[in-house]
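Note sheet for the following structure.
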Protein chains: 2
Amino acid sequence: MAASPSHRVSTGERLNTAETTGKLQQSVAKRGIRMTRQRRVILQVMDDAEQHLDVDQILERAQKIDSGVHLVTVYRTIDLLKKQGLIDELDLLHLRGDRHYYETHGPRDHIHVACLRCGKVREFESRLYEQLKEQIARDFHMKVTVSRTEVGGYCEECLRKTKE
Amino acid sequence: MAASPSHRVSTGERLNTAETTGKLQQSVAKRGIRMTRQRRVILQVMDDAEQHLDVDQILERAQKIDSGVHLVTVYRTIDLLKKQGLIDELDLLHLRGDRHYYETHGPRDHIHVACLRCGKVREFESRLYEQLKEQIARDFHMKVTVSRTEVGGYCEECLRKTKE
DNA sequence: ATAATTGCAAAGCTTTTGCAGACGC
DNA sequence: GCGTCTGCAAAAGCTTTGCAATTAT
């Protein structure tokens, strides 16, 4: 019962669903933020991403849609989205240097589970995780607004290979 | 003109409660890693640290003990310790830019809980957290070796101030 | 119209690397 | 004595910033 329905495996770089109904685009519009050609493209890329992307991946995908998107604009837009709390910034245990990854803020938090050997990253959701956050809020009398959990180890496949 | 002879600070600098019995120092010695003057100092700093430190803090403390410790050596020693799995690297939700923090790998994992307003960081341990990791190991058939959880929000005090 | 946004180039940071000389074992 | 470490300086990322031109509303 590994990767059950709610576990999105993310290894490749496929782009599939491309709706103009992106949630990010809606949220940004709703906040009365000026919409430019470049922003629209970057938001679409983030909306369509099935997994976390780093800055270069965002740029690459954006330029496939509109080659006139500059790296600097990607940085500035990411900044905007971070400040608006619409995306999360990850570093995935510094598995590959200090690269940062970004993903849209979903309805539920998920944990990133990475294999330290093959680099595959999977996502995991659990009621336990929600309980953990509740426990922290209760114990510290805090209002918890963000959380990030990254777990590393060796996946089944890599464990097998190591034994051989 | 490299490695100057002896830059040791001899005057009555702050007394450090440092024993030569630091756990890091022991672990490093046990692995047969060459012990240099600089490494000894850096390990002592890490051993004595009551919480996570960034590179500049490590350098600063190291130089109080021995002014002949170079920033580059701090980086190289941190690298060594990371590769040996003796310290953890944190980024604390990028609360203060992309600074990285380091701390010795304790016997039990703890969660870092940060206030996004005042920046205070507290640590939290929970059986729930151990259970969560077990669940991940079970579901994915993985061997989990590292994990990091960072939680952000508003502490009791800051919540009160915000209301006023 | 006019204030925000963009592209470009250049600056800023933090971290890494090449080397010659010093040091631990 | 041999091989590893260190300091220094310089290089190498990655991210930010100043500014004139452009664009959204």
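With dT15(C), dG7(D), dT16(D) as the candidates, the nucleotide lying closest to the side chain of Thr73(B) is dG7(D). Residue Arg34(A) has its side chain nearest to dA24(D) when only dG24(C), dT16(C), dA24(D) are considered.
For the pair Thr36(A) and dT6(C), the criterion of a side-chain N or O lying under 4.0 Å from OP1 or OP2 is met. Phosphate proximity of dG7(D) to Gln38(B): present, with a side-chain N or O under 4.0 Å from OP1 or OP2.
Looking at which nucleotide of DNA chain D each of His70(B) and Arg99(A) is closest to, the 5′-most match is held by His70(B). Nearest-nucleotide positions on DNA chain D place Val72(B) closer to the 5' end than the other of Asp98(B) and Val72(B). Across the interface with DNA chain C, nearest-nucleotide mapping of Ile33(B) and His100(B) shows His100(B) to be the residue nearer the 5′ end.
At a threshold of 4.0 angstrom between heavy atoms, the contacts of Arg39(A) are confined to the sugar-phosphate backbone, with no base atom among them. Among the heavy atoms of the strands lying under 4.0 Å from Gly68(A) are primed sugar atoms or P, OP1, OP2 only; no base atom is included.
Rounded to an integer number of Å, the gap from OH of Tyr102(A) to P of dC14(D) is 12 Å. Remark: C1' of dG3(D) and CE of Met35(B) are 17 Å apart, rounded to the nearest angstrom. As a whole-Å value, the separation of Arg40(A) CZ from dT5(C) C1' is 14 Å. Distance Leu80(B) CG to dT17(C) P: 15 Å, rounded to the nearest Å. Across the protein-nucleic acid pair, Arg76(A) atom CZ and dC14(D) atom P stand 19 Å apart, rounded to whole Å.
Scanning both residues, Thr104(A) and Ile87(A), for their nearest heavy atoms gives CA-CG2, 4.1 Å.
Between Lys133(A) and Asp109(A) there is a salt bridge, with a side-chain nitrogen of the basic residue lying less than 4.0 Å from a carboxylate oxygen of the acidic one. With respect to Arg148(A) and Asp88(A), no salt bridge is recorded, no charged nitrogen being found less than 4.0 Å from a carboxylate O.
Looking only at distances, no side-chain donor or acceptor of Glu123(B) sits under 3.5 Å from a matching main-chain atom of His110(B).
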